[in-house]
Protein chains: 2
Amino acid sequence: MFFLKDLPSRQMLENYKKRFPEMSVDHVGAGLKLLRHASILLRRIETYFAGHKLSQTRFLILVVLDREGKGGGLLAKEIAGKLDISRPIVTNTLKSMKEMGLLTICPHADDGRAKWITLTEAGREKLGTVLPDYYSIIHNFMIHEAEEL
Amino acid sequence: MFFLKDLPSRQMLENYKKRFPEMSVDHVGAGLKLLRHASILLRRIETYFAGHKLSQTRFLILVVLDREGKGGGLLAKEIAGKLDISRPIVTNTLKSMKEMGLLTICPHADDGRAKWITLTEAGREKLGTVLPDYYSIIHNFMIHEAEEL
DNA sequence: GCAGCATGGTTACCATGCTAACTAAGCCTG
DNA sequence: CAGGCTTAGTTAGCATGGTAACCATGCTGC
C-alpha cells in the first residue's frame, strides 16, 4: 500500500529528471497518483467489507464462484489462478469461509488430490447483499475524488 | 490488494446496472481497472524493494526524512502522519531500519516522550541507489501496461 | 507395474498491516 | 502543586499476505 500524503511536486520530479533525463515527469507523476488513489480506495473497500466479516479476498472468491453459476464450482487451484494469490492463502481463506457457511469444500470425484468448491445459498446471498454498496463506494470515489486521473 | 484477473465485462456491469440504475458503468469499470493496475504495480515495486531489503513503507520513510534535508529530521508521530500509517508499525519499521543503519533514533531534547529521527549517510545513499529504478519501474508500467487508463 | 516426476493442497514460518490497551511524560486547572 | 486529561510511543494480539518444505495422489516411461 502506498499512503504518502504529499506526492512529490512537479518541481521535485523536474529536478530529478535533470539527473535522469530518460524519465517522463508526466508518466511518473501519473503513476504515483494511481498508487495513492488506489490505496485510498482499497482501504475504504476493506473497511466496508470488515463490517460484513469479509475481506477483499473473501469477496473476490465469492465473485469467481458466483460466475460459475448455480451448480458450478471451482478447484482451489483454479481460484488461486483467477485471483492471482498464493495457494496457502486460498487454503486458509476457504477454511474460514466454510466455517462461515459461505461455501462447501468436497473431495473431487475424479482426482483424489483436488477439492471441489461450491457456493452455498448463504454465500450467494452474501454477495448480493454486499455488491450494491461495493459498486457505490467505487462509483462515488471515482466521481468525487479521482476526477483528475 | 485486488488481483482479480478477469475484471467484470462491460456486459456484466450493464446487467448489474439494470438492477441498480444509479450506478455508472464507466465509472465503476474505471475504478476496477484502477484497483487492478495499482495492485500489479504495487506488487512489482515490492518485489524490487525486497532485493534491497526495503519495503514500500521503509522506502517512504527514507523519502520523507530525505525531504527534511541534511541536519533535518522528524518525530515518529510526524512520520506516521505523513505516511498515513499506524504508530505501531512506525515503531517497528524504525527499529528495523535503525538496525540496518539507515537512520538514528534519539530522545528529543525538548520533549521527553518524543523520538527524533534522522537519516544516516547510509540511509541517504540507499535512497539514491534505489530511486532511479523505482521511477523507471513506474515509468515503464505507465507506458507499456496502463495506456488505457 | 513400479520408480520417479508432476501436481493439488497443507503446514510452518516470516513480514507487514491493524486496533486496543498500556506506560511515561507533559500540560492544565482548581 | 496535585489530580486528571492529553500526547508520544510501545506492547500484545489478530488478520492477511508471502515462500519453502512437505504430504498424498496421479501420471509416465522403462
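Fair warning: this is a prediction, and the values are worked out from it, not measured in the lab.
- Across the protein-nucleic acid pair, B:Gln56 atom CD and C:dA15 atom P stand 18 Å apart, rounded to whole Å.
- With a 4.5 Å cut-off on side-chain heavy atoms, A:Arg43 and A:Phe3 count as touching.
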Scoring nucleotides 18-29 of chain C by protein non-hydrogen atoms under 4.0 Å (B base, S sugar-phosphate only, - none) yields SBB----BS---
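- In the model, A:Thr104 has a side-chain atom that pairs as donor or acceptor with a side-chain atom of A:Thr118 under 3.5 Å.
- The side-chain contact (heavy atoms from CB on, under 4.5 Å) test with A:Asn15 is passed by exactly one of A:Met12, A:Lys17, A:Lys18: A:Lys18.
- Side-chain proximity of B:Thr91 to C:dG8, D:dT11, D:dT16: nearest is D:dT11.
- An OP1 or OP2 oxygen of D:dT16 is reached within less than 4.0 angstrom by no side-chain nitrogen or oxygen of A:Thr57.
- Here A:Tyr134 and A:Phe59 bring their ring centres to under 6.0 angstrom of each other.
- Distance A:Glu46 CD to C:dT16 P: 19 Å, rounded to the nearest Å.
- In this structure, CE of B:Met97 is placed 11 Å from P of C:dT16, rounded to the nearest angstrom.
- Sequence order on DNA chain D of the closest nucleotides to A:Leu54 and B:Lys95 puts B:Lys95 first from the 5' end.
- The nearest whole Å value for the distance from the CG atom in A:Leu74 to the C1' atom in C:dG8 is 14 Å.
- Atom CE in B:Met1 sits about 19 Å away from atom P in C:dA15, given to the nearest Å.
- Exactly one of B:Leu54, B:Ile61, B:Leu127 qualifies for a side-chain contact (heavy atoms from CB on, under 4.5 Å) with B:Leu102. That residue is B:Leu54.
- Nucleotide C:dG9 holds its P atom 11 Å from the CH2 atom of A:Trp116, rounded to whole Å.
- Contact between the side-chain N/O atoms of B:Lys115 and the OP1/OP2 oxygens of D:dG9 is not found at any separation under 4.0 Å.
- The nearest whole Å value for the distance from the CZ atom in A:Arg58 to the P atom in D:dA15 is 9 Å.
- B:Lys5 places none of its side-chain heavy atoms less than 4.5 Å from the side chain of A:Lys82.
- Nearest-nucleotide assignment on DNA chain D puts the 5′-proximal partner with B:Val90, out of A:Thr93 and B:Val90.
- As rounded to whole Å, 22 Å separates atom P of C:dA15 from atom CZ of B:Phe59.
- Between A:Phe20 and B:Tyr135, the distance from one ring center to the other does not fall under 6.0 angstrom.
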